[in-house]
Amino acid sequence: MLVRFGYVAMSVNVANASPSKTMTATQFAKLADREAALRKLERIAEENIHNTLRLLKHNRAHDIHVFRFSSKLIPLLTHPATEGWDPFPHLSPSFTELGDYAIKHAMRTSFHPDHFTVLTTPREEVLRASLFDLSQQTRMLEAMGLDDRSKCNIHIGGTYGDKVTALARFRSRFPELPSAVRSRLTLENDDKTYTALETLQFAEELGVPMVLDLHHHQVNPGEGEPPEELWPRVQRTWEGTSLPPKIHVSSPRSERDIRAHADYVEPAPLLHFLHSIAGFAPQLDIMIEAKQKDAALFKLVDDLAREKGIRRIDGATLEVVRRI
DNA sequence: ACCTGTCAAGTCTGG
DNA sequence: CCAGACTTGACAGGT
């Protein structure tokens, strides 16, 4: 089984390369000249996109083929204060350059909208904002020229005291989504509300791929089945996408603070999981969610490469040798 | 140069 | 009905 590793949005190794620079809404409102303020937002966005390209070049130099874009590439993009603003014409060349690079080097990229994107919400205005958020993230991927193998990964959302009704709302909204949004959606189990099994069942029902988060499953295990037991079904949700299945890994920051992400990733639980599923999956992509970002990636790959049954292919790719 | 409180957004809990 | 926690990188305003 070939395993590729990726990380989220920013690097601790590349200096001054934030892809999430912003302007607060308060500052935006203070500027008397709205047009000038919007031009300033566009300049910040351009810088964020440029820094993201620098990160992709860093990734290429280190064999990293999996990457999640910052969801804050364009500051205040979906804020009410900027209503009517369309930054895309201005940003089009930058987005194209970024997307071209990702395509040329066969990088798997994605977005992960913030937890304010909730398709289970009973509130009309929250739903509207969520749909707008998804459409804008989709639009960014389109501006980069990336096809629907670049996904927008979200959680199912809240329960509002009634999971069945909440899921019913999501279910009824799903067919109404623009197909460009729908075809990029993936669902991830969360750390409090929807367990891996519940997310899997719902993903199967909707026919969308599921991203299995091992850390979330550890802190929100539901019936408590080991992740490898769910794996054959999770993997099946990726059939027909021409993408390897993707999982998220991270480790608890501490015993007291079990949900928060630690600086680095403990190799042992992941190693166990990888050996358990190596017979099922020819390929797997792993998104590392750790405070130390790409430094955590390099450390984890190094740690795993020392283990029995693991062979290093390059700086960010391992082969898990199937044990017979 | 460095420090600290604050920041657009939602949901849940508890008062 | 409202306040606070959750979580997070970066701003804003200060020294």
Side-chain angles (χ1 to χ4, degrees), chain A residues 7-31 37-38 40-41 43-45 47-52 55 68-85 87 111-137 152 154-163 165-167 169-170 173 188-195 198 213 215-216 219-220 248 250-254 256-263 287-296:
Chain A
Y7 66 100
V8 176
M10 58 182 293
S11 164
V12 300
N13 289 307
V14 184
N16 303 314
S18 168
S20 312
K21 285 184 172 293
T22 188
M23 183 196 301
T24 61
T26 313
Q27 291 302 308
F28 178 82
K30 272 188 203 165
L31 298 173
L38 291 173
K40 185 165 181 188
L41 288 177
R43 284 199 301 279
I44 295 171
E47 195 182 339
N48 288 339
I49 295 165
H50 176 71
N51 281 337
T52 303
L55 293 170
R68 182 196 301 166
F69 295 124
S70 163
S71 55
K72 300 181 181 71
L73 278 184
I74 307 178
L76 303 182
L77 176 62
T78 59
H79 191 279
T82 63
E83 198 176 342
W85 172 46
F111 274 114
H112 191 1
D114 293 317
H115 62 284
F116 309 112
T117 301
V118 273
L119 297 181
T120 50
T121 185
R123 296 165 56 194
E124 201 55 45
E125 69 275 21
V126 173
L127 176 64
R128 213 174 40 239
S130 298
L131 295 176
F132 188 52
D133 219 55
L134 281 171
S135 73
Q136 293 303 95
Q137 303 226 353
C152 288
I154 61 171
H155 297 287
I156 295 178
T159 64
Y160 319 88
D162 181 356
K163 245 178 208 181
T165 308
L167 284 175
R169 276 193 296 269
F170 194 133
R173 287 160 185 170
E188 175 189 347
N189 57 308
D190 69 73
D191 59 358
K192 282 213 164 80
T193 312
Y194 292 95
T195 66
E198 289 167 333
D213 188 308
H215 182 189
H216 290 166
V219 299
N220 182 24
H248 289 177
S250 49
S251 296
R253 159 172 294 191
S254 66
R256 270 178 54 91
D257 207 359
I258 194 167
R259 289 188 167 82
H261 292 163
D263 286 355
M287 183 64 79
I288 291 168
E289 297 182 323
K291 288 271 178 212
Q292 292 300 312
K293 306 291 178 187
D294 53 336

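To find a chain, count down the sequence lines: A is the first, B the second, and so on, and within it residues start at 1. Computed from a predicted model, the values in this text were never measured in an experiment. Note that these values count all heavy atoms, side chains included, but never hydrogens, waters or copies made by symmetry.
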Enquirer: Just the rounded figure in Å: distance from P of C/dC6 to CD1 of A/Ile258.
Expert: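 The answer, rounded to whole Å, is 15 Å.
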Enquirer: With sequence neighbours left out, what residues match A/Ala290 under side-chain contact (heavy atoms from CB on, under 4.5 Å)?
Expert: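 For A/Ala290 the side-chain contact (heavy atoms from CB on, under 4.5 Å) partners, ignoring immediate neighbours, are A/Val265, A/Ile288, A/Ala296.
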Enquirer: Indicate yes or no: at least one non-hydrogen side-chain atom of A/Pro75 is less than 4.5 angstrom from one of A/Asn48.
Expert: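 Result yes, sub-4.5 Å side-chain heavy-atom pair found.
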Enquirer: Can you measure A/Asp213 atom CG to C/dT7 atom P for me and round it to whole angstrom units?
Expert: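 Roughly 14 Å, once rounded to whole Å.
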Enquirer: Between atom CD in A/Gln136 and atom C1' in B/dA8, what is the gap in whole Å?
Expert: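 These atoms are roughly 15 Å apart.
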Enquirer: With sequence neighbours excluded, tell me which residues meet side-chain hydrogen bond (donor to acceptor under 3.5 Å, both in side chains) with A/Ser11.
Expert: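 Partners of A/Ser11 under the side-chain hydrogen bond (donor to acceptor under 3.5 Å, both in side chains) test: A/Asp294.
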Enquirer: Tell me the salt bridge (charged side-chain N to carboxylate O under 4.0 Å, His left out) pairs involving residues 115-134 of chain A, sequence neighbours left out?
Expert: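 Sorted pair list: A/Arg123-A/Glu125.
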Enquirer: On the nucleotide B/dT11, are OP1 or OP2 found under 4.0 Å from the side-chain N or O atoms that A/Arg123 carries?
Expert: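 It does, given that an N or O in the side chain of A/Arg123 lies less than 4.0 Å from OP1 or OP2 of B/dT11.
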Enquirer: Map every base of DNA chain B to its dot-bracket character, where paired means a Watson-Crick or G-U wobble contact with both distances under 3.5 Å and | marks a partner outside the strand.
Expert: |||||||..||||||
Enquirer: Take atom P in C/dA12 and the same atom in B/dA9, then report the distance between them in whole Å.
Expert: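 Approximately 16 Å lies between the P atom of C/dA12 and that of B/dA9.
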Enquirer: Look at A/Thr26 and B/dA8 and indicate whether a side-chain polar atom (N or O) is within less than 4.0 Å of OP1 or OP2.
Expert: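 Yes, because at least one side-chain N or O of A/Thr26 sits under 4.0 Å from OP1 or OP2 of B/dA8.
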Enquirer: Looking at residues at least two apart in the chain, or sitting in another chain, which of them share a side-chain contact (heavy atoms from CB on, under 4.5 Å) with A/Tyr160?
Expert: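 Checked A/Tyr160 against side-chain contact (heavy atoms from CB on, under 4.5 Å); matches are A/Val118, A/Thr120, A/Thr121, A/Pro122, A/Ala166, A/Arg169.
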Enquirer: Using the rule for Phe, Tyr, His and the six-membered ring of Trp, do A/Phe116 and B/dA9 stack at under 5.5 Å and under 30°?
Expert: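 Yes.
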Enquirer: Between B/dG10 and C/dA10, how far apart are the P atoms? Round to whole Å, please.
Expert: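 Between the two P atoms, the distance is 23 Å.
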Enquirer: Who pairs with A/Tyr194 by ring pair (Phe, Tyr, Trp, His ring centres under 6.0 Å), at least two apart in sequence or on another chain?
Expert: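 None.
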Enquirer: Contact class for A/Ala129 vs. all strands (heavy atom < 4.0 Å): base, sugar-phosphate, or nothing?
Expert: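 Nothing: the residue A/Ala129, judged by heavy atoms under 4.0 Å, touches no strand.
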Enquirer: Under 4.0 Å, heavy atoms only, any strand: does A/Thr121 hit a base, just the sugar-phosphate, or nothing?
Expert: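 Sugar-phosphate, no base atom in range.
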Enquirer: For A/Phe132 and B/dA8, give me the distance from atom CZ to atom P, rounded to whole Å.
Expert: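 In whole Å, B/dA8 P and A/Phe132 CZ are 18 Å from each other.
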Enquirer: Quick one: what's the B/S/- string for nucleotides 9-15 of chain C, heavy-atom cutoff under 4.0 Å, read 5' to 3'?
Expert: SSSSS--
Enquirer: Quick check: do A/Asp213 and A/Glu289 have side-chain heavy atoms less than 4.5 Å from each other?
Expert: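 Yes, their side chains come closer than 4.5 Å.
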Enquirer: Ring centroid separation for A/His261 and A/His248, is it under 6.0 angstrom?
Expert: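 Between A/His248 and A/His261, which both carry aromatic rings, the centre distance is not below 6.0 Å.
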Enquirer: Please report the distance, rounded to the nearest Å, between NZ in A/Lys192 and P in C/dC6.
Expert: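 Nearest whole value for this atom pair: 8 Å.
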Enquirer: Is a side-chain N or O of A/His79 found less than 3.5 angstrom from the main chain of A/Ala81, in a donor-acceptor match?
Expert: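 Between the backbone of A/Ala81 and the side chain of A/His79 there is a qualifying donor-acceptor contact (under 3.5 Å).
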Enquirer: N/O contacts under 3.5 Å, protein versus nucleotides 1-3 of chain C?
Expert:
none

Enquirer: B/dT11 P sits how many Å from A/Glu125 CD, rounded?
Expert: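 After rounding, the gap between these two atoms is 9 Å.
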Enquirer: I'd like a table of donor-acceptor pairs (distance under 3.5 Å, sequence neighbours excluded) in which one partner is a side-chain atom from residues 14-24 of chain A, with atom names and distances.
Expert:
from    : atom 1 : to      : atom 2 : distance (Å)
A/Ser18 : OG     : A/Ser20 : N      : 3.1
A/Ser20 : OG     : A/Ser70 : OG     : 2.8
A/Thr24 : OG1    : A/Gln27 : N      : 3.2

Enquirer: Measure CG/A/Asp133 against C1'/B/dG10 and give the value in whole Å, please.
Expert: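 Value for this atom pair: 12 Å.
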Enquirer: Quantified in whole Å, what is the P atom distance between nucleotide B/dT13 and nucleotide C/dT7?
Expert: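 Approximately 15 Å lies between the P atom of B/dT13 and that of C/dT7.
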Enquirer: Give every pair of a protein N or O atom and an N or O atom of nucleotides 12-15 of chain B that lie under 3.5 Å apart, one pair per line with the distance.
Expert:
from   : atom 1 : to       : atom 2 : distance (Å)
B/dC12 : OP1    : A/Thr159 : N      : 2.6
B/dC12 : OP1    : A/Thr159 : OG1    : 3.3
B/dC12 : OP1    : A/Tyr160 : N      : 3.3
B/dC12 : OP2    : A/Tyr160 : N      : 3.3

Enquirer: Can you check the A/Arg128 CZ to B/dG10 P distance for me, whole Å?
Expert: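 Rounded to whole Å, this separation is 12 Å.
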Enquirer: Rounded to the nearest 0.5 Å, what separation is found between the NE2 atom of A/His112 and the OG atom of A/Ser71?
Expert: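 Answer rounded to 0.5 Å: 9.0 Å.
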Enquirer: Once you round to the nearest 0.5 Å, how far does NZ of A/Lys72 lie from CD1 of A/Ile44?
Expert: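 Answer rounded to 0.5 Å: 14.0 Å.
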Enquirer: List for me each residue that meets side-chain hydrogen bond (donor to acceptor under 3.5 Å, both in side chains) alongside A/Thr26, sequence neighbours excluded, and say none if there are none.
Expert: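 If we apply the side-chain hydrogen bond (donor to acceptor under 3.5 Å, both in side chains) test to A/Thr26, skipping adjacent residues, there are no hits.
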Enquirer: Side chain of A/Asp114, heavy atoms from C-beta onward: which of B/dT11, B/dA8, B/dA9 has the nearest atom to it?
Expert: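 Looking only at heavy atoms from C-beta outward on A/Asp114, the closest nucleotide is B/dA9.
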Enquirer: Could you tell me how far C/dG4 sits from B/dG5 if I compare only their P atoms? Round to whole Å.
Expert: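 One P to the other, the span is 16 Å.
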Enquirer: Does A/Ala260 have any side-chain contact (heavy atoms from CB on, under 4.5 Å) partners at least two apart in sequence or in another chain, and if so, which?
Expert: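 Only A/Arg253, A/Asp257 meet the side-chain contact (heavy atoms from CB on, under 4.5 Å) criterion with A/Ala260.
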Enquirer: For A/Lys163, I'd like to know if atom NZ has over 12 heavy atoms of other residues, nucleotides or ligands within 6.0 Å.
Expert: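 Counting neighbours around NZ of A/Lys163, more than 12 heavy atoms of other residues, nucleotides or ligands fall under 6.0 Å, so yes.
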